[in-house]
A.B. asks: 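Attaching a single structure in structure tokens format; questions to follow.
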Amino acid sequence: MEVAHCFLDGNADAVEFCPHEGYHNVLAASTYTLQEGDQPSRAGSISLFDVNSEKGSLELFHRVDTAGIFDIKWSPDSGGVCPLLAQADADGYLKIYSLQCCLDVEKPRGGLLKVVTGEKVSTSMCLFLDWNPSATSITVGLSDGSISISCLTESQIEVLHEWKAHDFELWTTCFDIHQPQLVYTGSDDCKFCGWDMRDGTSNLVFQNSKAHKMGVCCIAKSPIDPNMLLTGSYDEYLRVWDVRSISKPVNETCLGGGVWRIKHHPFVSGLVLAACMHNGFGIVRIEGGEAKVSETYNKHGSLAYGADWQREKLSAAGKTKNTTVATCSFYDRLLRIWLPESDVFF
């Protein structure tokens with residue numbers, strides 16, 4: 001069901017609902033626009049919206065101009081800390097903002113993003129980022145195939161490690177939520193790798209170069225099932241993995257279009273939102289290792305890039321209204337808010 005939509009000021013590539021208690025209504029959307037000419041540049045922006053699906057409202061309350069952005073991520077809700085938003089951009093910077101909102105969370109107008117710190121972590125472009133569960137470290141994938149691991153201490157970014165992990169663009173990287181000493185990477189070289197950071201070096205735990213027929217675009221560890229991990233690829237397949245046996249995937253399901261982003265539902269196990277580039281968006285259910293598309297969404301007219309679930313709590317009875325979804329598409333600059341047609345809680 002349609003809730004609201006708007007057009008952004010540039011090509012839309014990422015949307016992220018804030019996971020912090022009291023800020024679940026806040027949605028961040030980022031853009032990346034190549035400005036051609038004698039001196040081409042990559043421009044971007046971050047827009048903050050107040051989302052209320054019950055009222056059908058999507059209200060912009062803050063926007064900041066940036067370099068062209070490839071990825072944004074809110075810090076995990078570790079309790080008692082204001083929300084932080086990390087930005088990975090085309091100029092090689094990792095930048096951290098804090099969300100400064102008024103106390104009335106029902107009326108967040110007047111809130112803003114305040115720069116906490118920023119660091120040029122590479123001469124290459126920063127393509128993707130992920131926080132560790134304690135919000136103290138960030139892993140960044142770089143366009144030269146390298147990975148950069150930084151720590152955030154006393155409002156400063158310190159690059160701890162960087163190494164050449166892949167041969168081509170490193171499109172995705174993430175910490176293992178349940179074993180945060182492990183970092184996963186995926187690249188345009190079709191390789192899917194795991195690294196152990198305990199000894200402070202680039203210790204390769206595994207490398208799978210056979211499963212993906214094209215570049216690996218996204219990796220997502222289940223927040224609920226400690227053994228389930230998903231990958232998405234340009235080859236159009238969503239793959240389900242058991243981290244205890246990484247030699248081959250448990251399941252491969254063709255979603256079409258190229259699987260650019262996958263987002264686990266915040267508290268419904270096995271429910272996944274997928275952005276499938278040339279084939280819109282899909283909601284996928286995974287049970288017993290089998291993946292099945294339960295719903296598709298094709299109201300966008302361009303590349304399906306950004307997607308996220310709103311963090312809405314279950315009621316005491318174990319039910320709530322259907323989870324709100326945000327999606328964005330690139331060239332038409334379109335941001336949409338919608339509710340799945342099917343009940344995600346059945």
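All heavy atoms count here, side chains included; hydrogens, waters and symmetry mates do not.
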A.B. asks: When rounded to the nearest 0.5 angstrom, what is the spacing between CH2 in W309 and CG in L273?
C.D. replies: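 Atom-to-atom, W309:CH2 and L273:CG are 5.5 Å apart.
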A.B. asks: Cluster question for you: counting only ILVMFWY and a side-chain heavy-atom cut-off of under 4.5 Å, with indirect links fine, are V26 and L113 together?
C.D. replies: yes
A.B. asks: Quiz question: by atom type and distance under 3.5 Å, do the side chains of T139 and T173 form a donor-acceptor pair?
C.D. replies: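 T173 and T139 do have a side-chain donor-acceptor pair below 3.5 Å.
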A.B. asks: Walk me through it: do L230 and V284 pass the test side chain to side chain contact (heavy atoms under 4.5 Å, CB included)?
C.D. replies: CA-CA 12 Å; L230 306 177; V284 182; over 6 Å; no
A.B. asks: Determine yes or no for a side-chain-to-main-chain donor-acceptor pair under 3.5 angstrom, with N322 supplying the side chain and P340 the backbone.
C.D. replies: yes
A.B. asks: Can you name the nearest heavy-atom pair linking G280 to N298, along with the distance?
C.D. replies: CA-OD1, 3.5 Å
A.B. asks: For the backbone of F168 and the side chain of D188, can you confirm whether one donor and one acceptor N or O come within less than 3.5 Å of each other?
C.D. replies: no
A.B. asks: Is there a side-chain contact between Y32 and N11, using heavy atoms and a 4.5 Å cut-off?
C.D. replies: no
A.B. asks: Is H212 reaching over with its side chain to a backbone N or O of Y237, donor-acceptor style, under 3.5 angstrom?
C.D. replies: no
A.B. asks: Would you name the heavy atoms of D332 and H300 that are closest together and state the gap between them?
C.D. replies: OD2-C, 4.2 Å
A.B. asks: Please report the C-alpha distance between L58 and V51 in whole Å, then the side-chain angles of each, then the deciding distance to 0.1 Å, and finally whether the side chain to side chain contact (heavy atoms under 4.5 Å, CB included) criterion is met.
C.D. replies: CA-CA 5 Å; L58 172 65; V51 176; 3.8 Å; yes
A.B. asks: Could you verify whether a donor N or O on one side chain and an acceptor N or O on the other, from S155 and T117, lie under 3.5 Å apart?
C.D. replies: no
A.B. asks: Anything under 30° is parallel, anything over 60° is perpendicular, the rest tilted; go ahead and classify Y184 against F206.
C.D. replies: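 Ring orientation, 0 to 90° scale: tilted.
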A.B. asks: Quick check: does any side chain N or O of N251 sit under 3.5 Å from a backbone N or O of V240, one acting as donor and the other as acceptor?
C.D. replies: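 Absent.
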A.B. asks: When you compare the side chains of N208 and S247, does any donor N or O come within less than 3.5 Å of an acceptor on the partner?
C.D. replies: no
A.B. asks: CD1/I157 to OH/Y93 distance, rounded to the nearest 0.5 angstrom?
C.D. replies: 11.0 Å
A.B. asks: Rounded to the nearest 0.5 Å, what separation is found between the CG atom of L170 and the CG atom of L142?
C.D. replies: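 Between atom CG of L170 and atom CG of L142 there are 7.0 Å.
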A.B. asks: Distance-only, no hydrogens or angles: does the D77 side chain make a donor-acceptor pair with backbone N or O of E21 under 3.5 Å?
C.D. replies: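 Present.
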A.B. asks: Tell me yes or no: between the side chains of N227 and D242, is some donor less than 3.5 Å from an acceptor?
C.D. replies: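 Short answer, no.
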A.B. asks: Can you say whether the rings of Y297 and W338 are parallel (under 30°), tilted (30 to 60°) or perpendicular (over 60°)?
C.D. replies: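 It falls in the parallel class, under 30°.
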A.B. asks: Give a yes or no answer on whether the side chain of D235 reaches the backbone of K213 with a donor-acceptor pair at less than 3.5 Å.
C.D. replies: yes
A.B. asks: I'd like to know if the side chain of D189 and the backbone of H166 have a donor-acceptor N/O pair within less than 3.5 Å.
C.D. replies: no
A.B. asks: Can you tell me how far apart SG (C193) and CG (L204) are? Round to the nearest 0.5 Å.
C.D. replies: 5.5 Å
A.B. asks: Under 3.5 Å, is there a donor-acceptor pair between the Q100 and S98 side chains?
C.D. replies: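 Their side chains do contain a donor-acceptor pair, which is all the 3.5 Å distance test asks for.
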A.B. asks: When you compare the side chains of S75 and H20, does any donor N or O come within less than 3.5 Å of an acceptor on the partner?
C.D. replies: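 A donor-acceptor contact under 3.5 Å links the two side chains.
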A.B. asks: Atom OG1 of T172 and atom CD1 of I219: how far apart are they, to the nearest 0.5 Å?
C.D. replies: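 These two atoms lie 4.5 Å from each other.
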A.B. asks: Got a sec: does the NZ of K120 have more than 12 other heavy atoms crowding it under 6.0 Å?
C.D. replies: yes
A.B. asks: To the nearest 0.5 Å, tell me how far R42 CZ sits from F70 CZ.
C.D. replies: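 Nearest 0.5 Å value for the CZ-CZ distance: 6.5 Å.
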A.B. asks: Do E16 and K263 sit within salt-bridge range, that is, some charged N less than 4.0 Å from a carboxylate O?
C.D. replies: yes
A.B. asks: Between W74 and Y23, does the ring centre distance come in under 6.0 Å?
C.D. replies: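 No, the ring of W74 stays outside the 6.0 Å limit from the ring of Y23, centre to centre.
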A.B. asks: Within 45° of the ring axis of F281 and under 6.0 Å from its six-membered ring centre, is that where the NZ or CZ of K299 lies?
C.D. replies: no
